[in-house]
Amino acid sequence: MKAKAQRFKFAPLVILISGLCTSCTVSDYFDSDTSVQKESINVEQANQQIAEAKAVEQAHLELEKQQQSEAKIVELMGNQPIQFHSTLAKIYAAREFSPIWQDESAKKKFLHEYAGLVASGISIRAATALDAISVTSVEDIQHDILITDAFLSYMYYTKKVPSLAQSWLYSQNSYKADKPADELIEFWLTAVENNQNLDFVNILSASNHLYQETLQQISSDLANGHKKSHTELYKLALNAQRLRIIPSFDNGIFVNIPSYQLNYYRDGKLVLNSRVIVGKETRKTPVMYSKLSNLVVNPPWNVPNTILTKDIVPKLAHDPSYADRVSLEIFDSTGNKISAYSVNWSQYVNSKSVPFRIRQKAGDDSALGRFKFNMPSSDAIYLHDTPNHSLFNKTSRALSSGCVRVSKSDELASVLLKEAGWSMDKKQRVLASKKTTSVPIQSDNPVYLYYVTTWVENGKVQTLPDIYGYDKLNAPSYINWDTVQKYL
């Protein structure tokens, strides 16, 4: 009997939850005289259960709507090569499948940029997508959806390529598309709603003027009957994509690796030009962006493991006195300084690791010279001086183990130390003391290490030796140059 009464007490609540009632309904459902029944109901808990039921129902409805939208995308697109079915379904369902690319200027600008990407050969999928766009009627919603699908990939590319340039821009069909962040998609769709699609597309476009000039040259060559071979056009397009990861040359340190040159710009003016030495073929200087963090005067050199195992250990195995001749300090695993003669170096020849740390003392003969310019780098790459300045007279200067040696490191240090408040007299005193001194960089000094072998500047094609062999491949067969010409 008791159990029956309890079930009876909660029967009204079950009815109310199933009907998704509000708290007011719960409190008003019972007659004012049924105080015992009212006390038996936890109103807060009931409302929570109602809210949860609503959320479940809403999620179910949204899932059903999404499934219907995806089915419609599949029905509309058939076998068309689209990548982002779910995202496209969500975007177009919210717009009741009305077109997005109604601003012809925005559409033309995007397809121009996308054609440049296709011509670079880094994505066979992008080439296929552009071909599909070119053969659909501009009045059809399918045409609009294909452009949006390509634009989603392009948004992801423009945001990620600065950090992934080394893996994406130095071999064919290396870019793998992914969906851009939801926040970026929403930002774009808001721009579309506010008639600012062109502004958004322009933001994604590269600002480097050499990039723009190079694309214009490719377009001109295609329009004038392919005066250049497809391989020449492809290499120009590929190098244009490599240019897009750096800004125009206004502020910062720019090193084009195959040029063996460093240029330092401040406020659009060239402050310093210097010859440099870059990594050899087997130890390439990576493409990267960073910022100078500090300048070290009289830097010691902590020998990297690769150089230690491949270069230093064989020399010590042959002659332990080499350590004294070049001022090497050797430390065991506990940090104690030991003599080079106390180690049987022969057992570590060809070994991948050595249980010792080796440091070269600061001085004029240090491998780092008198100055080291530090910047955050996952590859432990930095700029530095060198005691062997005669190497800068060589034409081919891919000679280092990856870091960049700067011929005019003294002049570069003078500029940076002056910004930090040092007088030239103080600089000379610290140098003479041989004391290692670290100086924080005061100004914003971005550093761009990039690799561009051919580009267009002031209407003329410029070329450099392809020292790392990144450009040796011919134009890939999946580039449809007629389609590229149509949009570029």
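- Taking 4.0 Å as the cut-off between side-chain N and carboxylate O, Lys108 and Glu104 do not count as a salt-bridged pair.
- For the 3.5 Å distance criterion, the side chains of Ser438 and Asn294 qualify, holding a donor opposite an acceptor.
- Annotation: Tyr382 is in aromatic contact with His384 [ring centroid separation under 6.0 Å].
- For Arg244 and Tyr211, the positive end sits near the middle of the six-membered ring, less than 6.0 Å away and at most 45° from its axis.
- Residues passing the side chain to side chain donor-acceptor pair (under 3.5 Å) test with Gln102: none are found, sequence neighbours excluded.
- For the pair Leu88 and Leu152, the minimum side-chain heavy-atom distance is below 4.5 Å.
- With a 4.5 Å cut-off on side-chain heavy atoms, Tyr175 and Ser167 do not count as touching.
- More than 12 heavy atoms of other residues, nucleotides or ligands sit less than 6.0 Å from atom CG of Asn194.
- Comment: Asp471 does not engage Lys235 in a salt bridge, judged by the lack of any side-chain N to carboxylate O separation of less than 4.0 angstrom.
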Residue pair Val161, Tyr156: steps toward the side-chain contact (heavy atoms from CB on, under 4.5 Å) verdict
CA-CA 8 Å; Val161 70; Tyr156 176 79; over 6 Å; no
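- One finds no salt bridge joining Asp385 and Arg405 here, because no Lys/Arg side-chain nitrogen approaches an Asp/Glu carboxylate oxygen to under 4.0 Å.
- Asn305 places a side-chain N or O within donor-acceptor distance of the main-chain N or O of Lys352, the cut-off being under 3.5 Å.
- Checking each of Val461, Asn239, Leu243 against Trp455 for a side-chain contact (heavy atoms from CB on, under 4.5 Å) leaves exactly one that passes, namely Leu243.
- A donor-acceptor pair shorter than 3.5 Å can be found between the side chains of Glu419 and Ser443.
- Side-chain N/O atoms of Asn208 and Gln212 include no donor and acceptor closer than 3.5 Å.
- Glu232 pairs by the side chain to side chain donor-acceptor pair (under 3.5 Å) definition with Ser229, not counting sequence neighbours.
- Taking both residues in full, the closest heavy atoms of Thr285 and Gly279 are given as OG1-N, 2.8 Å, listed atom of the first, atom of the second, then distance.
- Side-chain contact between Val276 and Ser407 is absent, with no heavy atoms from C-beta onward closer than 4.5 Å.
- Screening Phe254, Phe249, Tyr264, Tyr265 for a ring pair (Phe, Tyr, Trp, His ring centres under 6.0 Å) with Tyr448, the sole residue that qualifies is Phe254.
- Between Ile381 atom CD1 and Cys403 atom SG the span is 4.5 Å, to the nearest 0.5 Å.
- The CD1 atom of Ile253 sits 10.5 Å away from the OG atom of Ser274 when rounded to the nearest 0.5 Å.
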Could you go through Ser205 and Glu113, starting from their C-alpha distance and side-chain angles, then the distance that decides it, and tell me whether this counts as side-chain hydrogen bond (donor to acceptor under 3.5 Å, both in side chains)?
CA-CA 7 Å; Ser205 179; Glu113 295 289 320; 3.1 Å; yes
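- Shortest non-hydrogen contact noted between Pro465 and Thr453 is O-CG2, 4.0 Å.
- By the side chain to side chain contact (heavy atoms under 4.5 Å, CB included) test, Asn480 pairs with Asp131, Asp482, Thr483, sequence neighbours left out.
- A donor-acceptor contact closer than 3.5 angstrom links the side chains of Ser137 and Glu139.
- Within the 4.5 Å cutoff, no side-chain heavy atoms of Ile246 are placed close to those of Tyr289.
- Under the salt bridge (charged side-chain N to carboxylate O under 4.0 Å, His left out) criterion, Glu281 pairs with Lys284, sequence neighbours left out.
- Donor-acceptor pairing under 3.5 Å is recorded for the side chains of Asn273 and Gln261.
- Between Asn263 and Leu272 there is no side-chain heavy-atom pair separated by less than 4.5 Å.
- Checked against salt bridge (charged side-chain N to carboxylate O under 4.0 Å, His left out), Arg283 has the following partners two or more places apart in sequence or in another chain: Asp311.
- Counting only heavy atoms from C-beta outward, the side chains of Phe356 and Ile312 never approach each other to under 4.5 Å.
- Scored by the ring pair (Phe, Tyr, Trp, His ring centres under 6.0 Å) test, Tyr478 finds no partners at all (sequence neighbours excluded).
- The number of heavy-atom neighbours closer than 6.0 Å to CZ of Phe187, taken from other residues, nucleotides and ligands shown, is 12 or below.
- Between the side chains of His143 and Lys107, at least one donor N or O lies within less than 3.5 Å of an accepting N or O.
- In this structure, Tyr92 has no ring pair (Phe, Tyr, Trp, His ring centres under 6.0 Å) partners at least two apart in sequence or on a different chain.
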Given Val447 and Lys291, is the side-chain contact (heavy atoms from CB on, under 4.5 Å) satisfied, shown in steps?
CA-CA 5 Å; Val447 179; Lys291 289 187 177 182; 6.0 Å; no
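- Applying the side chain to side chain donor-acceptor pair (under 3.5 Å) rule to Lys179 yields the partners Asp182; only residues at least two apart in sequence or on another chain are considered.
- For Arg266, there are no salt bridge (charged side-chain N to carboxylate O under 4.0 Å, His left out) partners at least two apart in sequence or on another chain.
- Residues Glu457 and Thr214 are not in side-chain contact: their nearest non-hydrogen atoms beyond the backbone lie 4.5 Å or more apart.
- For Glu193, the salt bridge (charged side-chain N to carboxylate O under 4.0 Å, His left out) partners two or more places apart in sequence, or in a different chain, are Arg95.
- In this structure the side chain of Tyr157 reaches within 4.5 angstrom of the side chain of Trp168, judged on heavy atoms.
- Every residue two or more places apart in sequence or in another chain that forms a ring pair (Phe, Tyr, Trp, His ring centres under 6.0 Å) with Trp101 is listed here: Phe110, Phe151, Trp188.
- For Gln142, there are no side chain to side chain donor-acceptor pair (under 3.5 Å) partners at least two apart in sequence or on another chain.
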